[in-house]
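Structure record follows, encoded as structure tokens.
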2 protein chains.
Amino acid sequence: MSEMIKKPTLHDVSRAVGLSVYTVSRALSNRDGVSAASRERVLQAARELGYVPNRAAQELRRNTRSSVAVITASTSNYYYLDLMTGIQRTLRLSDRTAIVADVAAEGVYTRAVEESLVNDLIQSRTAGVIATLTLSPQSIQLFEKWEIPVVFVDSAPPKGADRVPSITTDNIGASMKVGAHLGDHGYTDWLFLAYPARWSTRAQRERGLREAAAAYGATLEVLESENDTASAYAALSGYLAVPGRSLPRVIIAGNNPMVHGALRVLRDRGVTVPSEAAIVAFDEFPWAPLLDPPLTVLNEDSETIGVLAAQTLARIIDEQVEAERLGKPPTPVYRPEYRQEMPAELIIRKSCGC
Amino acid sequence: MSEMIKKPTLHDVSRAVGLSVYTVSRALSNRDGVSAASRERVLQAARELGYVPNRAAQELRRNTRSSVAVITASTSNYYYLDLMTGIQRTLRLSDRTAIVADVAAEGVYTRAVEESLVNDLIQSRTAGVIATLTLSPQSIQLFEKWEIPVVFVDSAPPKGADRVPSITTDNIGASMKVGAHLGDHGYTDWLFLAYPARWSTRAQRERGLREAAAAYGATLEVLESENDTASAYAALSGYLAVPGRSLPRVIIAGNNPMVHGALRVLRDRGVTVPSEAAIVAFDEFPWAPLLDPPLTVLNEDSETIGVLAAQTLARIIDEQVEAERLGKPPTPVYRPEYRQEMPAELIIRKSCGC
DNA sequence: ATGATCCACCTAATCGTTTAGGAGGATGAT
DNA sequence: ATCATCCTCCTAAACGATTAGGTGGATCAT
């Protein structure tokens, strides 16, 4: 029975209906040049045979690709899930799919992993890249050479790639909001538990806090940790274990893994929040209101950021495809208006002392 | 300068060194039949030109593919992150990559989405599939026709596909453990807040609870909700809002989104946990110990399950490739020992009343 | 000198699509 | 009757890699 042919190709369909592969191809992709009758026969045969086009062959021939890569580190950060939701929802509209590529899958980030990942993306001729952390200038150069457009989210392009678009939160303004709230509480002894500066938001968040601290006459100490819960735990307990060191009045956790580590340290040391030490964190997450005490948090609108990033990337890719169709060099064109900055809001709950 | 050629192909490298594409190909893929001197020249030229092989062309010609798809629904469930960690770590060893495909990306699961996803995976000629929920028999048939091996994790194959491997938790045993603990507390009025039976663990967990309830003379009510936090919230508040209905003594949440919804309902109604109502949940997650009160939870070892699933799939794919090399039909071979069941442990914290 | 063997390399076919450049026949205008 | 115009369909050449099946020459045993 014809339906049992395994892995039928265009050719098999062509033979089955007695029309050339040309006609079959046009019929299946719904372009004209095929009579209604033939089209019907082709579709019928394709259905019966269970024909499914071979994407590798299509992409090779058409020189197009359908998937966009999201480069990320530490998928355990919750904001990343919202971000992906926004990205996926938007890309689906233009029939593209997003794949995630983790540069810190084995735990820590290394240059070697970044390089091999970038190589991998070029091998698969990705349509475009959304990066959640600043990539190396070399990576950007490579993507440029292969005409793969890049958009940064919540992170800045590296030096020398200032034209590359980025969708970010107004992190300086946001952290000043955080600082102002702490200042209003009358706290003067702040500790910022921060992830590494490789994530460019780190510098901005620190800067906003510094300005706020200066305005309120508070002292700001910065404690750096790798970007995961275990490291945050280790960093903070190491810090507090130094003899003679007193507990800061408030801890500002740079993101999700940081606040997780910090809360564990405080719990293990029996510190009462917020009466002995208050705590505030960047990045809202679903469990924040259910913690003990409910966590005061700075909420970035990650989903919207994801939507904007995906829209921007999709537009650049479309322009690129169009340029190629017209025979122009298809190098991606970045316009200044592709840079966008979103506001963030402070969600006040209990952990700050309110 | 030659380095500025955009998108060099094997042909460009071949021209640059004055050797045929055959020789260049062999040199780059490190097979023999090339003198050391030529190989060096080829590698040198490839480096200078910035040559990166085109994966679509390779896969088309070699008829191999390097990526494995993980079919999932509701990525907000935390166990999924651990699962992915295990899968990624294992696949990396055999130089394969995992991509995730969400059948419920738009929120709810529909048959149509499953069908189009399966079609998509066949188009890209995925090397193999790891499914975290029971797929339709049609999907299984399709994968079979295209000789794409499938492994289920934490879920059973559909009817008629009993030979397909699955790595699961001993859910019946696990839920009996849960039930026994509740029985020992002396609770007799249990409510199971459950996700739909499309996830095959649902039935097993329910069955174990039922047996335990019978053994302890408790009553078990089952309340079903869609598999997300908002639905769980709606389902439970609707249930409790029925006039004359009394609060159950203990709520057993079927998974992560369920417990999240339930805790929000209890908080909004001012119910004290565990004195007024106790709560226990399936699936450990990082925030569980930090909630108010710390959550008693049944811990599946998702990472190990991920590792086992990936190993099993990798082995099947390898056997398949080997069979093809020998000219045999490359249909995947499933052995009975590919079915594995893992134990789970109860992590007792405070929310159960301990 | 002859033949066998090996090595380094090449030519050309192939994977499954898309598509430029026709070809043949029907239709309609003149 | 002639020619232009449409349709519908075809042939054959790509896309960028891999590889079966040679080729020509060096080396070596006899």
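Bear in mind the structure is a predicted one, so any value in this text is a computation, not a measurement. Below, chain A is the first sequence line, B the second, and so on; all start at residue 1. Hydrogens, waters and symmetry mates are skipped; everything else that's a heavy atom, side chains included, is used.
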Those residues that, when tested against [X], pass side-chain contact (heavy atoms from CB on, under 4.5 Å) (two or more places apart):
X	result
A:Val307	A:Arg89, A:Thr90, A:Gln311
A:Glu115	A:Arg111
A:Thr126	A:Ala69, A:Leu121, A:Ser124
B:Ile148	B:Ile122, B:Val129, B:Phe143, B:Trp146

To the nearest angstrom, how far is [X] atom [atom1] from [N] atom [atom2]?
X	N	atom1	atom2	value
A:Asp12	C:dC15	CG	C1'	13 Å
A:Arg62	D:dG16	CZ	C1'	17 Å
B:Gln58	D:dT18	CD	P	5 Å
A:Asn63	C:dT17	CG	C1'	13 Å
B:Ile122	C:dG16	CD1	P	16 Å
A:Leu28	C:dG16	CG	C1'	13 Å
A:Glu40	D:dC9	CD	P	13 Å
A:Arg26	C:dT18	CZ	C1'	9 Å

Divergence of helical axes at both termini of the helix from C:dA1-D:dT30 to C:dT30-D:dA1 - five pairs an end, 10° steps: 60°
OP1 or OP2 of C:dT18 under 4.0 Å from side-chain N/O of A:Ser25: yes
With sequence neighbours excluded, residues passing side chain to side chain donor-acceptor pair (under 3.5 Å) with [X]:
X	value
B:Asp95	none
B:Arg62	none
B:Ser136	B:Glu114, B:Ser139
B:Thr331	A:Lys6

Donor-acceptor pair between A:Gln123 and A:Asn119 side chains, under 3.5 angstrom: yes
A:Arg125, nearest nucleotide to its side chain (from C:dT18, D:dA17, D:dT19): D:dA17
Beyond-backbone contact of A:Pro149 with A:Leu313, side-chain heavy atoms, under 4.5 angstrom: yes
Side chain proximity check, A:Arg39 to A:Gln44, heavy atoms < 4.5 angstrom: no
Sugar-phosphate only, base, or nothing, as touched by A:Arg31 at under 4.0 Å among non-hydrogen atoms: sugar-phosphate
Sugar-phosphate, base or nothing in reach of B:Asn54, heavy atoms under 4.0 Å: sugar-phosphate
Contacts of A:Asp120 that satisfy salt bridge (Lys or Arg N to Asp or Glu O under 4.0 Å) - sequence neighbours left out: B:Arg55
Nucleotide N/O to protein N/O under 3.5 Å, stretch nucleotides 4-6 of chain D:
none

Between N or O atoms, less than 3.5 Å apart, protein on one side and nucleotides 7-9 of chain C on the other: list the pairs.
from	atom 1	to	atom 2	distance (Å)
C:dC9	OP1	B:Ser38	OG	2.5
C:dC9	OP2	B:Ser35	N	2.9
C:dC9	OP2	B:Ser35	OG	3.3
C:dC9	OP2	B:Ser38	OG	3.1

